[in-house]
Amino acid sequence: MSPQGGIGSPETRRNVVALLAGALFSLGLSLAGMTHPAKVLAFLDVFGAWDPSLAFVMVGAIGVSAVAFRWAGRLQSPALGGRFSVLRASTAITPRLVVGAAIFGAGWGLSGLCPGPAVTSLASGQVAGLVFVVSMLGGMAMAPAPAAHEPSAGAVEGEGQAHARG
Amino acid sequence: MNLGSLAEALGGGALIGLAVALLLLINGRVAGISGILDGLVHAAEGEWGWRAMFVVGLVGGGFVARAVAPNAIGVIGGSLPTLAVAGVLVGLGTRLAGGCTSGHGVCGISRGSLRSIVATGTFMAVAAGVVFLVRHGAAQ
């Protein structure tokens, strides 16, 4: 095994794992029906012709990943070495968290698209999907970096990794 | 809703959970889609490669899904200006909140994070409110 780069390197293996995880993720989204904005909007239409089936996507996903997080808690390091990005749980409910979630919810309710299904939909070649994804990346670029005392937008919250984007 | 769509939702969710487990237990990273995308926009040193590969896998999985079932990805409705506004809101909001449906809704809740529970409750409630206004509001 070569220490850096090359076919057997940990870096390459991590990239292959990420590729597989991404593919598995979007296959799951597709099987579950999350890639149909009309179905997502019907799930969100609680006061109309409500389609509650998508709630079971979260049940299935949380059921499996909760086991994985418990398992990870007992490991010293991930299988390919390095450190786990989630180091500790924060409980601080900040205005940034709540306002951000509300803004995200408004966009989700307008379109029926959240980030995963939006990126997956690029495979269908719809211009509408491309417009959404480019706008979403623009929205990410314009988000101010979290203040020093804000629980890291990356690590602690389960998105990204320890050094997040600060 | 019928038993078939319920089983597909559960099975699809389990696949998503499996993807989360792979990335966590082997790479030590969390499968929060908005966080992964943000890491490409604000590239952190040494963490660009796997994120790019994850996104390639995400789109690739979409192609595979469409090869298996041609209607796997539905029509994206709404005008382009509305979708552009919605996209900006989703991008900005998820970065302020530090997570989206996957990062907070799946991974965060799986860890029992209070912040993720609050965030998920908030974005679900606001999304349902917006759908209500659009579909059943006075303007319609």
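Quantities reported herein were computed from a predicted structural model and do not represent experimental measurements. Chain letters run A, B, ... following the sequence lines, proteins first, then strands; residues in each count from 1.
- Within the 4.5 Å cutoff, the side chain of Leu37(B) has heavy atoms near those of the Met136(A) side chain.
- Taking Ala38(A), Ala55(A), Gly48(A), Pro115(A) one by one and counting their heavy-atom pairs under 4.5 Å with chain B, the maximum is reached by Pro115(A).
- The distance from atom OG1 of Thr94(B) to atom CG of Asp38(B), rounded to the nearest 0.5 Å, is 7.5 Å.
- Heavy-atom pairs under 4.5 Å with chain B were tallied for Ala42(A), Ala21(A), Gly82(A); the largest tally goes to Ala21(A).
- Think of Met53(B) as one node in a network of Ile, Leu, Val, Met, Phe, Trp and Tyr side chains linked at under 4.5 Å; its network also takes in Leu19(A), Val56(B).
- With a threshold of 4.5 angstrom between heavy atoms, Val98(A) approaches chain B through its backbone and through its side chain.
- Options Leu25(B), Val41(B), Val118(B), Leu18(B) differ in how many heavy-atom pairs under 4.5 Å they form with chain A, and the most are formed by Leu25(B).
- Residue Val68(B): no heavy atom, backbone or side chain, is found under 4.5 Å from chain A.
- Of the listed residues (Val46(A), Val119(A), Leu113(A)), the greatest number of heavy-atom pairs within a distance under 4.5 Å of chain B belongs to Val119(A).
- Every pair passing salt bridge (charged side-chain N to carboxylate O under 4.0 Å, His left out) that includes a residue from residues 16-41 of chain A is listed here, sequence neighbours excluded: Lys39(A)-Asp51(A).
- The cluster map of Ile, Leu, Val, Met, Phe, Trp and Tyr, joined by side-chain heavy atoms under 4.5 Å apart, puts Phe56(A) and Leu15(B) in different clusters.
- Of all the listed residues (Ala102(A), Gly129(A), Pro117(A), Gly125(A)), the one sharing the greatest number of non-hydrogen pairs under 4.5 Å with chain B is Ala102(A).
- Interface check for chain B: of the options Pro78(A), Ala72(A), Cys114(A), Ala68(A), the most heavy-atom pairs under 4.5 Å are formed by Pro78(A).
- Heavy-atom distances place the side chain of Leu75(A), and not its backbone, under 4.5 Å from chain B.
- With respect to chain B, the highest number of heavy-atom pairs below 4.5 Å among Gly33(A), Ser30(A), Ala106(A) belongs to Ala106(A).
- Residues Pro10(A) and Arg14(A) have side chains in contact (heavy-atom distance under 4.5 Å, counting atoms from C-beta outward).
- Among the candidates Gly61(B), Gly62(B), Ala9(B), the residue making the largest number of heavy-atom pairs closer than 4.5 Å to chain A is Ala9(B).
- Contact of Val20(B) with chain A is made through the side chain alone, with heavy-atom distances under 4.5 Å.
- Interface summary for chain A: among Val126(B), Val131(B), Leu58(B), the most heavy-atom pairs under 4.5 angstrom belong to Leu58(B).
- Residue contact with chain A, scored on non-hydrogen atoms closer than 4.5 Å, involves the side chain of Thr120(B) exclusively.
- In terms of heavy-atom pairs under 4.5 angstrom with chain A, the leader among Ile26(B), Leu80(B), Asn71(B) is Ile26(B).
- You'll find the side chain of Val127(A) reaches within 4.5 Å of the side chain of Val131(A), heavy atoms only.
- In this structure, the side chain of His104(B) does not engage the main chain of Gly32(B) through any donor-acceptor pair within 3.5 Å.
- Listed here is the closest heavy atom pair of Leu29(A) and Gly116(A): CD1-C, 3.6 Å.
- Contact annotation: the side chain of Gln126(A) approaches that of Val75(B) to within less than 4.5 Å [non-hydrogen atoms, C-beta and beyond].
- The residue among Val88(B), Val85(B), Leu23(B) with the most heavy atom pairs within less than 4.5 Å of chain A is Val88(B).
- Using a 4.5 Å cut-off between heavy atoms, Val106(B) touches chain A through backbone and side chain atoms alike.
- The closest side-chain donor-acceptor pair between Arg66(B) and Ser124(A), if any, does not fall under 3.5 angstrom.
- Here Ala72(B) is the residue among Gly121(B), Ala72(B), Ala125(B) with the most heavy-atom pairs under 4.5 Å with chain A.
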